[in-house]
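The next block holds one structure in the form of structure tokens; read it before the comments.
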Amino acid sequence: MDRPVRRERRERGLRVAVRLMSETKTGKTGETETTKTTAGAQLQPRRRGLTRRQKRAASRGLQYVVFVAAVAALAVTADWGGLRNQFAQSDLAGQMFPDIITLALKNTVLYTVSGFVFGLVLGMVVALMRLSSVGPYRWVAGIYIEIFRGLPALLIFIFVGVAVPLAFPGTEIPGGTYGKVALGLGLVAAAYMAETIRAGIQAVPKGQMEAARSLGFSHARAMVSIIIPQAFRIVIPPLTNELVLLFKDSSLVLFLGVTLEERELAKFGRDLASQTANSTPILVAGLCYLLVTVPLGFVVRRLEAKAGEATR
């Protein structure tokens, strides 16, 4: 009886072992197939759109194409012959020299400098009034800034040339036309310069004033000796930009009624254009404006770059 029992137990153990081995093989096969499927999926390239950099490059390329096409269309459709006859007569341009330099450009520079100096002085006073602790000073400065920043410069020139003589009969502005121009340009420039200078003064650290007062400086002396010099170092770029704007605004002098010897660039070019029925003098006058404004613009950018480096 023992042999059959042992044989049956042995057979049963063999069947269990065979079943376990088959289950183990089946599990490994499934894992292998799953691993192969995952690896295959990873090897397949992913389908996606353009990257952000590629989209930016495509957009920039499209802009270049549109710009070149627009320039080409203008170049093809423009009447270059008519433009050359109206704006590029070399004989008329030659007749303008040297008077356009020795007379018109010189007067334009004088008008600009006189207006800038007057506006700078008045703007400094208005800026200090704006920062004053006295209420009426602040109110007067604020009203002045709002009025002269809101009115066109042309109206200011008409006011100086017409309203002032009517309001004060028998009185003349010192300097004649140069005085009127300095007053007109200065009134306009002072409103903008006052805010620029005020911002520069407020940009100086408050510790500078406190240190000056601790050394025995009065408030006025500290402002003149310490605060204002540092403020001007900050506001030189915007003040130079204001000089460029005044140089262009000097063309409004023609509304004051000037003599032949007092003409500036715009008036000089306009008179010759009317006499010759050609626009070449206006183009030459515009080039003379660029002769001054382009270098000044370069100076402004350099000053702004240096100011930016100093603040880093």
Side-chain angles (χ1 to χ4, degrees), residues 109-151 153 156 159-160 164 167-168 171 173-175 178-247 249 296 299-312:
V109 172
L110 290 177
Y111 294 150
T112 304
V113 172
S114 60
F116 182 81
V117 171
F118 180 77
L120 183 61
V121 174
L122 181 59
M124 172 61 69
V125 174
V126 175
L128 294 177
M129 292 175 62
R130 185 82 161 152
L131 295 172
S132 175
S133 59
V134 181
Y137 287 167
R138 295 197 306 272
W139 303 335
V140 172
I143 293 173
Y144 173 86
I145 291 172
E146 293 301 327
I147 290 177
F148 284 91
R149 282 200 311 179
L151 290 176
I156 305 301
F159 172 80
V160 171
V164 172
F168 304 96
T171 60
I173 298 175
Y178 293 96
K180 293 179 182 178
V181 174
L183 180 60
L185 289 177
L187 289 175
V188 176
Y192 294 93
M193 290 184 183
E195 287 294 274
T196 302
I197 296 172
R198 179 187 63 82
I201 292 174
Q202 291 180 332
V204 177
K206 294 182 179 180
Q208 298 289 327
M209 175 61 75
E210 296 174 355
R213 296 302 298 272
S214 65
L215 293 175
F217 283 70
S218 64
H219 185 274
R221 186 182 176 189
M223 287 291 294
V224 173
S225 302
I226 297 176
I227 304 301
I228 292 179
Q230 295 185 59
F232 267 94
R233 193 176 304 163
I234 297 172
V235 302
I236 281 177
L239 288 182
T240 309
N241 193 35
E242 183 64 28
L243 180 63
V244 176
L245 296 177
L246 285 180
F247 186 79
D249 287 343
L296 283 178
V299 171
V300 171
R301 289 192 295 272
R302 292 294 300 172
L303 291 174
E304 290 177 347
K306 289 184 177 180
E309 293 175 358
T311 56
R312 290 177 183 175

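No hydrogens, no waters, no symmetry mates; every other heavy atom, side chains included, goes into these values.
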Distance, nearest 0.5 Å, that separates [atom1] of [X] from [atom2] of [Y]:
| X | Y | atom1 | atom2 | result |
| --- | --- | --- | --- | --- |
| L296 | T112 | CG | OG1 | 9.5 Å |
| I147 | L187 | CD1 | CG | 11.5 Å |
| L246 | M193 | CG | CE | 5.5 Å |
| I226 | R213 | CD1 | CZ | 11.0 Å |
| I227 | F232 | CD1 | CZ | 13.5 Å |
| L239 | I197 | CG | CD1 | 6.0 Å |

Work out which heavy atom in [X] is nearest to a heavy atom in [Y]; give both atom names and the distance.
| X | Y | result |
| --- | --- | --- |
| A189 | G119 | CB-CA, 4.5 Å |
| V300 | P237 | CG1-O, 4.0 Å |
| P229 | M223 | CD-O, 4.0 Å |
| A194 | A127 | O-CB, 3.4 Å |
| G184 | I156 | O-CG2, 3.9 Å |

So for atom [atom1], which belongs to [X], do other residues, nucleotides or ligands contribute more than 12 heavy atoms lying within a distance under 6.0 Å?
| X | atom1 | result |
| --- | --- | --- |
| Y137 | OH | no |
| R233 | CZ | no |
| R138 | CZ | yes |

Close side-chain approach of [X] to [Y], heavy-atom, < 4.5 Å:
| X | Y | answer |
| --- | --- | --- |
| V181 | V160 | no |
| Q202 | L131 | yes |
| T196 | E242 | no |
| L185 | F116 | no |

Is the side chain of [X] donor-acceptor paired with the backbone N or O of [Y] at a distance under 3.5 Å, no angle test?
| X | Y | answer |
| --- | --- | --- |
| E195 | A191 | no |
| T240 | I236 | yes |
| S214 | A211 | yes |

Inset, instruction - Among L122, V126, L128, find the residue that satisfies the side chain to side chain contact (heavy atoms under 4.5 Å, CB included) test when tested with M124. - result: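 The side chain to side chain contact (heavy atoms under 4.5 Å, CB included) with M124 is passed solely by L128 among L122, V126, L128.
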Legend entry - Pairs meeting criterion ring-ring contact (aromatic ring centres under 6.0 Å, His included) with involvement of residues 178-224, two or more places apart: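 Applying ring-ring contact (aromatic ring centres under 6.0 Å, His included) to every pair that reaches into residues 178-224, excluding sequence neighbours, yields Y111-Y178.
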